[in-house]
Amino acid sequence: ITLELAEAGLDPARVYAVWSFWDNKFLGTAKGTWSTPSLDGWACQHLVFTPIAAAANAPVLIGSNLHISSGVAEIKSVTTSTKGIQISFTDAGARDGRLFFHSTKPLKLVQAGGLEAGQVEAAGENVWALDVRARQSNGAQILKLAVP
């Protein structure tokens, strides 16, 4: 199945990271269109398209397995710069899961408050993964990752 990004309300001139919730993985990048791999007649894909700007060299949160909405209920805010990324969480949703980032440079965990976090791991070309666990209610939940 080929998706015309403009028909989905996306800017066809931008580059997007394509995240597959059901596969729990980064599928690549798209510009203009995206074609799925061959799918069985009963199959589907749940995809998230996140704009990325390779020239900016800033990390971008591209997906998670916290919830089928890919973190919409759990993520309060994301602040990014060429030096790193900070994620603030709400009290809603899943308490444990995995976050995925697109970054042309490796990422390093520098702070985890109100939750437990594993180490950043490579999860594909320019893709990094981080496990979060035991998100604590009724307090700030923050992750800070740096570009070393």
Side-chain angles (χ1 to χ4, degrees), residues 1-110 112 115-135 141-148:
I1 298 170
T2 297
L3 171 68
E4 297 288 336
L5 297 182
E7 289 180 14
L10 302 174
D11 180 352
R14 293 195 75 174
V15 176
Y16 294 86
V18 182
W19 166 258
S20 175
F21 175 79
W22 297 123
D23 299 321
N24 200 33
K25 70 179 181 179
F26 172 67
L27 297 182
T29 59
K31 183 177 179 182
T33 63
W34 170 259
S35 294
T36 68
S38 181
L39 298 172
D40 291 326
W42 50 265
C44 69
Q45 282 194 308
H46 180 93
L47 303 175
V48 177
F49 292 83
T50 305
I52 57 173
N57 290 323
V60 178
L61 178 63
I62 61 169
S64 85
N65 65 6
L66 289 169
H67 185 271
I68 193 169
S69 65
S70 295
V72 170
E74 294 86 358
I75 306 291
K76 180 191 274 184
S77 66
V78 178
T79 306
T80 187
S81 74
T82 57
K83 295 182 181 185
I85 188 167
Q86 177 176 313
I87 298 111
S88 297
F89 296 85
T90 69
D91 276 344
R95 306 327 272 166
D96 305 306
R98 191 164 236 223
L99 304 175
F100 293 83
F101 304 88
H102 183 275
S103 177
T104 56
K105 297 180 181 174
L107 298 173
K108 178 182 177 185
L109 178 65
V110 293
L115 54 84
E116 296 173 13
Q119 293 301 310
V120 178
E121 301 172 352
E125 184 178 351
N126 296 328
V127 178
W128 310 92
L130 175 67
D131 289 327
V132 293
R133 300 173 296 284
R135 293 192 317 113
Q141 301 169 39
I142 296 175
L143 279 177
K144 290 184 183 178
L145 292 87
V147 177

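Side chains are part of it too, since the values below use all heavy atoms of this structure and drop only hydrogens, waters and symmetry mates.
Considering every non-hydrogen atom in both Ile62 and Val48, the closest pair reads O-CG1, 4.0 Å.
Separation of atoms CG (Asn126) and NE2 (His102) is listed at 4.5 Å; rounding is to 0.5 Å.
Around atom CG of Leu39, more than 12 heavy atoms belonging to other residues, nucleotides or ligands sit under 6.0 Å away.
Thr29 pairs with exactly one of Thr50, Ile52, Val18 by the side-chain contact (heavy atoms from CB on, under 4.5 Å) rule, that one being Ile52.
The ring pair (Phe, Tyr, Trp, His ring centres under 6.0 Å) search around Phe101 returns none, not counting sequence neighbours.
Looking only at side-chain heavy atoms (C-beta outward), Phe89 and Leu115 come within less than 4.5 Å of each other. Leu145 places a side-chain heavy atom less than 4.5 Å from the side chain of Leu130. Side-chain atoms of Asp91 and Gln141, non-hydrogen and from C-beta on, do get closer than 4.5 Å to each other. Side-chain atoms of Val147 and Leu107, non-hydrogen and from C-beta on, do get closer than 4.5 Å to each other. Counting only heavy atoms from C-beta outward, the side chains of Val132 and Leu143 approach each other to under 4.5 Å.
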Enumerate donor-acceptor pairs with a distance under 3.5 Å from any side-chain N or O in residues 2-14 to protein atoms, sequence neighbours excluded.
from, atom 1, to, atom 2, distance (Å)
Thr2, OG1, Ser35, OG, 2.7
Asp11, OD1, Ala13, N, 2.9

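At a threshold of 4.0 Å, the pair Glu121-Arg98 counts as salt-bridged, since one of the basic side-chain nitrogens sits closer than that to a carboxylate oxygen.
A perpendicular orientation is assigned to the rings of His46 and Phe21, their planes being inclined by more than 60° (bins at 30° and 60°).
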>> Apply salt bridge (Lys or Arg N to Asp or Glu O under 4.0 Å) to residues Arg133 and Asp96 and explain how you reach the verdict.
In response: CA-CA 4 Å; Arg133 300 173 296 284; Asp96 305 306; over 6 Å; no
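Residues Phe100 and Trp19 bring their aromatic ring centres within 6.0 Å.
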